[in-house]
Amino acid sequence: MPVWFNPARELDALLRKVAPQVAGLDSHFDPELRPSDPRHADFQANGVLAAAKRAKQNPRALATSLLEAVRASGELDETLIVAEVAGPGFINFKLTPIALGAWLKEYRDESKWRAGAAKIMGGKKVVIDYPSPNTAKQMHVGHLRPIVIGEAVARLIEFCGAELIRDNHIGDWGTNFGILILAIRRSGFKLDAKSPTALEDLERLYKEGSLQTKADPAALDAARAELAKLQTGDAENLKLWEEIVQVSNAACQRIYDQFGLKSDVILGESFYRDKVNQVYTELQKCGLAEESEGALVVWDDEEPRFSRHAETKMPFIVRKKDGSSNYASTDLATLLYRAEHFKAEEIVYVTDGRQQDHFHQLFRTGTRWFNLSQRKLPRLRHVWFGTILGEDGKAIKTKSGDPVRLQSLIDEATERAYAAVTEKSPEFPELERRMIAQKVGVAALRYVDLASNRTMDYSFSWSKLLAFEGNTAPYLMYAAVRVRSIFRKSGIALGQGEEGASDLETPEEISLARKLLGFTAALDSALEDLRPHHLCTYLHELAAAYGTFYAVNSVNDPTLPAATKARRLMLCARTCSILETGLRLLAIEPVERM
RNA sequence: GAGGGGGUAGCUCAGCUGGAUUAGAGCAGCAGCCUUCUAAGCUGCGGGUCGCGGGUUCGAGUCCCGCCCUCCUCACCA
């Protein structure tokens with residue numbers, strides 16, 4: 001019997017296969033196979049309870065018959081998987097230590113897991129849109145989430161075998177630029193892209209301009225007019241715009257470098273400036289778009305909220321009344337470009353949750369447009385995330401005063417990590433301590449953001465983002481480092497020394513092995529809704545199981561029988577590989593020692 | 001008003017398509033554990049009427065209905 005990569009899937013198939021042979025069950029029987037509380041079993045089938053009710057049979061008796069049919073099929077090797085009827089009518093399946101050991105021997109490295117996961121996306125062409133910042137000012141904590149979540153989601157998709165294009169769709173063609181240009185005009189400021197303070201200058205000017213437009217509707221109109229001029233090709237505004245974009249992009253790039261973020265293409269809104277006209281004409285030709293109060297809008301009468309009859313009108317405005325484009329225009333043009341130029345079969349947008357209405361409208365309009373023009377629509381997914389709140393419970397960007405800059409956050413994290421590594425390992429060379437600190441610091445920030453469900457809001461807090469203990473990135477990295485240390489001490493390479501490993505014995509060995517087998521399930525759930533926190537939860541549990549094992553089961557004890565040492569080395573090697581693979585999927589770079 | 005988040009331990013959060021007489025982590029608190037593989041760690045203790053009220057059924061934090069609280073969005077910002 002081959003070693004099942006995914007025992008739950010195989011058991012599910014087996015139960016479905018034999019079900020028709022049992023009186024009261026048929027080919028539609030769903031075993032409802034679930035992972036179990038480890039105190040009971042590894043997996044359990046709950047489906048008999050529902051089936052027994054439908055067939056008006058005693059659930060325990062039915063479960064017993066089903067189990068007998070499974071045994072009669074001869075396809076369940078009970079030296080590997082022990083099955084029994086339990087409770088009101090569950091069927092429990094427990095992997096024996098022999099089975100756990102066999103799995104660990106068979107599925108030993110990343111290439112095996114990757115091969116298994118690759119079937120999920122199977123070479124599908126996917127475009128992912130992140131982090132797509134839209135302001136010409138310094139990045140602050142509010143910019144953390146699209147970077148961190150976007151990168152993790154991208155890596156998960158890639159791991160599953162997609163052909164992925166990372167597109168940084170920067171917001172460089174909107175009213176924020178009108179505001180900036182106006183502010184620069186009014187202040188008479190001479191922008192110099194090469195000046196070291198260029199970014200700070202822009203930031204200050206934007207803030208001034210923004211205050212003005214909020215206080216004075218006329219100023220907002222003036223800003224819009226500057227944008228309209230820019231969009232119609234005004235040479236002066238275009239020159240100014242180029243300089244602003246240059247300064248802004250350079251600043252963003254410095255942050256991206258520290259987060260290890262690389263885009264395949266950077267096609268911002270401005271890239272589509274000559275592609276929006278096609279959107280206007282096509283939408284009108286299809287009869288989707290019409291004039292309303294001077295703007296070009298799309299009504300969606302199928303959806304009450306976006307219907308022309310809605311109480312609160314919420315049309316999808318694709319062209320403003322002054323003729324300028326907005327994000328609806330450029331997003332539609334972008335959708336078309338990604339479908340035609342990149343042949344995208346799926347597009348993933350990673351943005352703030354406050355844009356959900358926009359994406360609903362975009363997706364619905366896009367669907368109608370593509371249908372009417374006989375185009376094939378890619379699968380569209382909006383991976384949205386909650387807001388980082390300030391201490392006042394309000395979104396960080398609306399907070400009065402300056403939000404914490406992303407760079408100061410990185411610096412502080414790195415500094416604290418440096419202090420920690422210097423305290424714990426003063427013997428490491430200075431340079432190495434600096435490198436470790438950089439990795440650990442950024443990892444800690446990332447992990448906090450990834451560890452909770454992305455749809456949740458959370459409040460900014462230095463102590464939370466810079467924690468190095470408990471369920472944090474340093475804890476996971478530390479677990480991997482302790483494994484590596486064992487191999488270093490015993491002078492063998494990771495993955496070596498496993499020959500002649502005996503069957504798992506101690507409770508700590510067994511529960512660690514069970515956790516290791518849970519990796520694929522964790523990947524599945526993280527991928528399903530593109531929620532990286534499932535992977536974080538799993539990695540933390542794995543590291544904790546290793547911690548328990550590590551404290552009680554020594555590996556390099558010279559009195560240990562060779563076969564025992566071999567099996568423990570195997571557990572260590574698998575733990576290290578899965579931890580490091582998992583961390584890399586979160587874009588956290590593991591270290592050798594810390 | 002419409003749509004969408006959220007309400008689970010003092011705090012921050014898990015809890016996947018309902019499942020097993022004790023609802024889980026981490027932090028904070030208390031008590032232990034380093035002459036032996038990195039103590040950024042391990043072990044133990046205390047701590048919860050899962051917002052409220054009904055309902056569905058063998059079984060509900062999870063599903064349905066009603067209500068309360070809170071955050072976000074709602075015509076030319078992105």
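Computed over heavy atoms, backbone and side chain alike; hydrogens, waters and symmetry mates excluded. Proteins come first, then strands; the chains are lettered A, B, ... in the order of their sequence lines, and each starts at number 1.
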Ignoring hydrogens and angles, answer whether the base of B:A40 and the side-chain atoms of A:Glu469 contain a donor-acceptor pair closer than 3.5 Å.
no

Contact class for A:Glu528 (heavy atom, under 4.0 Å): base, sugar-phosphate, or nothing?
nothing

To the nearest angstrom, the CD-C1' distance between A:Gln44 and B:G18 comes to 12 Å

May I ask you to check whether A:Asp172 and A:Ser270 show a side-chain donor-acceptor distance below 3.5 Å?
yes

Does B:A20 have A:His40 stacked on its base, where the ring centres are within less than 5.5 Å and the planes differ by under 30°?
yes

Using the ring of each side chain (for Trp, its six-membered ring), is A:Tyr546 parallel, tilted or perpendicular to A:Tyr550, with breaks at 30° and 60°?
tilted

Watson-Crick or G-U counterpart of B:G29, or none if no pair lies under 3.5 Å:
B:C45

Please report the distance separating the P of B:U70 from the corresponding atom of B:C65, rounded so that it comes out in whole Å.
23 Å

Does A:Lys424 put a side-chain nitrogen or oxygen below 4.0 Å from OP1 or OP2 of B:A40?
yes

Expressed in angstrom and rounded to an integer, what is the separation of A:Lys53 atom NZ from B:G18 atom C1'?
11 Å

Round to the nearest Å and state the distance from A:Arg54 atom CZ to B:U57 atom P.
15 Å

For atom C1', what is the distance between B:G48 and B:G15, given to the nearest Å?
14 Å

When the C1' atoms of B:U62 and B:C50 are compared, how many Å lie between them, rounded to an integer?
10 Å

Look at the side chain of A:Asp357 and the base of B:A2, then say whether one donor and one acceptor between them are separated by less than 3.5 Å.
no

With a 4.0 Å cut-off on heavy atoms, is A:Lys321 in touch with a base, just the backbone sugar-phosphate, or nothing at all?
base

With rounding to whole Å, what would you report as the distance between B:A14 and B:A25 at their C1' atoms?
7 Å

Integer angstrom distance from the P of B:U8 to that of B:G61:
15 Å

B:G1, OP1 or OP2 - any side-chain N/O from A:Arg305 closer than 4.0 Å?
no

Using a cut-off of 4.0 Å on non-hydrogen atoms, how would the nucleic acid contact of A:Tyr475 be classed: base, sugar-phosphate, or nothing?
sugar-phosphate

Would you kindly check if the NZ (Lys) or CZ (Arg) of A:Arg454 is within the cone defined by 45 degrees around the ring axis of A:Phe385 and under 6.0 Å from the six-membered ring centre?
no

Quick one: is A:Tyr478 getting a side-chain N or O under 4.0 Å of the B:A40 phosphate, OP1 or OP2?
yes

I'd like to know if A:Ser292 reaches the base of B:A75 with its side chain such that a donor and an acceptor end up less than 3.5 angstrom apart.
yes

Cationic N near anionic O, under 4.0 Å, A:Glu423 to A:Arg433
no

Look at A:Thr548 and B:U43 and indicate whether a side-chain polar atom (N or O) is within less than 4.0 Å of OP1 or OP2.
yes

Have a look at B:C65 and give me syn or anti from its glycosidic angle (syn if within 90° of zero).
anti

Could you measure between the two P atoms, the one in B:C69 and the one in B:A23, and give it in whole Å?
31 Å

May I ask you to verify if any side-chain N or O of A:His534 is less than 4.0 angstrom from the OP1 or OP2 atom of B:G15?
yes

Could you give the distance separating B:C27 and B:G41 at their P atoms, to the nearest angstrom?
7 Å

Roughly how many Å is it from CG in A:Asp37 to P in B:G24, rounded to a whole number?
8 Å

Can you tell me the distance, in whole Å, between the CZ atom of A:Arg484 and the P atom of B:C37?
19 Å

Quiz item: cation-pi between A:Arg34 and A:Phe43, 6.0 Å / 45°
no

Just checking A:Asn46: base, sugar-phosphate only, or nothing, at a heavy-atom cut-off of under 4.0 Å?
base

Indicate whether OP1 or OP2 belonging to B:C74 is found under 4.0 Å from a side-chain N or O atom of A:His360.
no

A:Arg34 CZ to B:U62 C1', straight-line distance once rounded to whole Å
12 Å

What's A:Met594 touching, base or sugar-phosphate or nothing? Going by heavy atoms closer than 4.0 Å.
base

Would one find a side-chain N or O of A:Tyr458 under 4.0 angstrom from OP1 or OP2 of B:G6?
no

For A:Leu220, which contact category applies under a 4.0 Å heavy-atom criterion: base, sugar-phosphate, or nothing?
nothing

Under a 3.5 Å cutoff, is there a donor and acceptor pairing between the side chains of A:Tyr272 and A:Asp331?
no

Touch check for A:Asn92, heavy atoms < 4.0 angstrom, all strands: base, sugar-phosphate only, or nothing?
base

Does A:Arg593 or A:Glu303 map to a spot on RNA chain B nearer the 5' end, using the closest nucleotide for each?
A:Glu303

Do the side chains of A:Glu291 and A:Lys321 get close enough for a salt bridge, i.e. N-O under 4.0 angstrom?
no

Over all strands shown, is A:Asn553 touching base, sugar-phosphate only, or nothing at heavy-atom distances under 4.0 angstrom?
base

For B:A2, give the paired nucleotide (Watson-Crick: N1-N3 plus N6-O4 or O6-N4; G-U: N1-O2 and O6-N3; both under 3.5 Å), or none.
B:U73

5'-most by nearest nucleotide on RNA chain B - A:Glu269 or A:Gln356:
A:Gln356

Length of the line joining A:His358:NE2 and B:G3:C1', which is rounded to integer Å
16 Å

In whole Å, measure the gap between the P atoms of B:A20 and B:A31 for me.
35 Å

What is the nucleic acid contact for A:Thr312, judged by heavy atoms within less than 4.0 Å: base, sugar-phosphate only, or nothing?
base

For A:Gln355, which contact category applies under a 4.0 Å heavy-atom criterion: base, sugar-phosphate, or nothing?
base

Atom-pair distance (CZ on A:Phe519; P on B:C16), nearest Å:
21 Å

Using 30° and 60° as the class boundaries, would you call the ring planes of A:Phe363 and A:His382 parallel, tilted or perpendicular?
perpendicular

A:Arg381 to A:Tyr349, cation-pi by 6.0 Å centre distance and 45° axis angle
no

